[in-house]
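A, B, ... follow the sequence lines: proteins, then strands. Residue 1 opens every chain. Just so we're clear, the structure is a prediction, and the values are computed from it rather than from any experiment.
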Protein chains: 2
Amino acid sequence: MVSKQPDPHPEIPDEIDGLRMTKQRKEIYHILMEYRDHPTASEVYMRAKERLPSISQATVYNCLQALVQHQIIRQVNFERESSRYCPNLREHVHFHDSATGAIHDVDFKPGFQLNELLQLPEGVQVEDIEITLRGKLPQSS
Amino acid sequence: MVSKQPDPHPEIPDEIDGLRMTKQRKEIYHILMEYRDHPTASEVYMRAKERLPSISQATVYNCLQALVQHQIIRQVNFERESSRYCPNLREHVHFHDSATGAIHDVDFKPGFQLNELLQLPEGVQVEDIEITLRGKLPQSS
DNA sequence: GTATGGAATTGGAATAATTCTTGATATCGG
DNA sequence: CCGATATCAAGAATTATTCCAATTCCATAC
Ligand SMILES: [Mn+2]
Ligand SMILES: [Mn+2]
Ligand SMILES: [Zn+2]
Ligand SMILES: [Zn+2]
C-alpha cells in the first residue's frame with residue numbers, strides 16, 4: 001500500500017491547452033522554466049534524470065515535441081546544431097554570445113514593423129519570423 | 001593522346017579569394033548561380049552528375065563547404081531541414097513560401113538599423129544576423 | 001615532356017540527432 | 001474493477017553530414 005507521492009510541481013496545471021501534463025511533461029517544462037538557458041534535448045535529459053531516474057531520451061523528445069506542438073514552448077535552431085528549447089512565448093530574438101556560447105532572449109521594441117526593415121513585395125502574408133544574432137557582449141555581462 | 005576538353009564554365013575564374021576553382025567546384029558554383037533556387041546538397045549532387053557523372057556526394061559536400069568557408073556562397077538553414085546553398089552575397093533575408101516551398105531572397109531597405117527594431121543592451125557587437133520568414137505570397141507570383 | 005608533392009576527389013564507413021516501432025504502463029471514464 | 005486510450009520506455013532505424021583511406025589530379029620543378 002503505497003500512498004501517492006505529492007506532485008513535485010504543483011504550480012504547473014494538470015492540463016495546458018488540451019495537453020495532459022504528465023509527471024514527465026511537468027518535469028521537463030519545469031526544467032525549461034527554471035533557468036531559461038535554452039538547453040538541448042540531451043541537456044534536458046540529464047537534468048530530468050535527477051528527479052525521474054527512469055526517464056528515457058525518447059520520452060524527453062516526445063515530451064518536448066508535445067510541448068512545442070501545443071505551443072507551450074518553442075524549438076530554437078541555430079545553424080546545424082542540436083535543437084534548443086525555450087519557454088519564452090513572447091515574440092523575441094535569440095542572441096548567441098560567441099564568447100561563452102550562451103543564448104540570450106532579446107525583445108523587440110514596441111510597435112516594430114517588418115516592412116520598415118525589408119523590401120517585402122506587396123501583399124505577402126508573413127506567418128512567422130525567426131531572427132538570430134551572433135556576437136559579443138560588453139565584457140563581464 | 002587525348003586533347004584537353006574546353007572549360008565548360010569559362011566565365012568562372014580559376015581562383016576565387018585564394019580558393020582554386022577546380023572542375024567540380026566550378027560546376028557546383030555554376031549550378032548555384034544558374035537558378036539561385038537554394039538547392040540542398042543532394043539536389044546539387046543530382047544536377048552535378050549530369051555534367052560530371054563520376055562526382056560523389058562527398059565531393060559535393062566538400063566543394064560546398066570550401067565555397068562557404070571562402071565566402072563565395074552562403075549556407076542557409078531552415079528549421080531542421082537539410083542545409084541549402086545560396087550564391088547571393090548581399091545581406092538579405094530568406095522568405096519561405098509555405099504554399100510552394102520555394103525560397104525567395106528579400107533585401108533590406110537602405111539604411112536599416114537593427115537597434116531601431118530591437119531592445120539590444122548597450123555595447124553589444126553584432127557580428128552576424130540571420131532572418132528567416134515563412135508565409136504566403138499573393139496568388140500567382 | 002616527365003617526375004613529384006600537395007591538394008582534391010572518391011566510395012564507403014562512421015557519426016549524431018532525431019524519429020520510429022513495439023510492447024509495457026499509467027490514467028480516465030464508467 | 002474493466003476496458004479504452006494515452007503515454008512512456010528501450011532499442012532499432014533513419015538521414016544528413018562528416019570522416020577516412022586510397023586514388024587521382026595538377027601545378028611546378030627538373
Ligand atoms: Mn516547480
Ligand atoms: Mn557557366
Ligand atoms: Zn528564447
Ligand atoms: Zn539567398
With B for base contact, S for sugar-phosphate-only contact and - for none (protein heavy atoms under 4.0 Å), nucleotides 25-30 of chain C reads --S---
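- Following rounding to the nearest Å, A/K49 (NZ) and D/dC8 (P) show an atom-to-atom distance of 17 Å.
- When ring centroids are compared, B/F78 and B/H96 come within the 6.0 Å threshold.
- Taking the side chain as every heavy atom from C-beta outward, B/L120 and A/V106 approach each other to under 4.5 Å.
- Looking at residues two or more places apart in sequence or on another chain, you find a ring-ring contact (aromatic ring centres under 6.0 Å, His included) between B/H38 and B/H94.
- The separation between A/L52 atom CG and D/dA10 atom C1' is 17 Å, rounded to whole Å.
- The list of salt bridge (charged side-chain N to carboxylate O under 4.0 Å, His left out) pairs with a residue in residues 64-89 of chain A, not counting sequence neighbours, reads A/E43-A/R84.
- Here the P atom of nucleotide C/dT9 and the CD atom of B/E27 are 13 Å apart, to the nearest Å.
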Can B/T22 and B/D14 be said to form a side-chain contact (heavy atoms from CB on, under 4.5 Å), step by step?
-> CA-CA 7 Å; B/T22 63; B/D14 290 339; over 6 Å; no
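- Considering only residues two or more places apart in sequence or on other chains, B/D107 meets the salt bridge (charged side-chain N to carboxylate O under 4.0 Å, His left out) condition with B/R90.
- Computed from C1' positions of five pairs at each end, the angle between the two local axes of the helix from C/dG1-D/dC30 to C/dG30-D/dC1 equals 30°, rounded to 10 degrees.
- Of all non-hydrogen atoms in B/Y85 and B/A41, the two that sit nearest each other are CE1-N, 4.0 Å.
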Shorter than 3.5 Å, N or O on both sides, protein versus nucleotides 16-22 of chain C: list them out with atom names.
residue, atom, partner, partner atom, Å
C/dA17, O3', B/R80, NH1, 3.4
C/dT18, OP1, A/S83, N, 2.9
C/dT18, OP1, A/S83, OG, 3.3
C/dT18, OP1, B/R80, NH1, 3.1
C/dT18, OP2, A/Y61, OH, 2.6

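- The nucleotide whose nearest atom lies closest to any side-chain atom of B/S54 is, among D/dA9, C/dT10, C/dA8, C/dT10.
- Rounded to a whole Å, the CD atom of B/E79 is 16 Å from the P atom of D/dA16.
- Counting heavy atoms from C-beta outward, A/S98 and B/E127 have side chains that approach closer than 4.5 Å.
- Among the protein residues, B/T59 comes within range of the nucleic acid bases, having at least one heavy atom under 4.0 Å from a base atom.
- Going from atom CD of B/E15 over to atom P of D/dC26 covers 15 Å, rounded to whole Å.
- Rounded to whole Å, atom C1' of D/dA10 lies 13 Å from atom CD1 of A/I55.
- At a threshold of 4.0 Å, the pair B/R36-B/D105 does not count as salt-bridged, since none of the basic side-chain nitrogens sits closer than that to a carboxylate oxygen.
- Counting to the nearest Å, the P atom of D/dC25 and the CG atom of B/D7 are 17 Å from each other.
- Computed from coordinates, the A/Y45 OH to D/dC8 P distance equals 15 Å when rounded to whole Å.
- A side-chain donor-acceptor contact under 3.5 Å links B/Q75 and B/S83.
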A/E15/A/R20 under salt bridge (charged side-chain N to carboxylate O under 4.0 Å, His left out): CA gap, chis, key distance, verdict | CA-CA 4 Å; A/E15 182 174 322; A/R20 222 174 86 209; over 6 Å; no
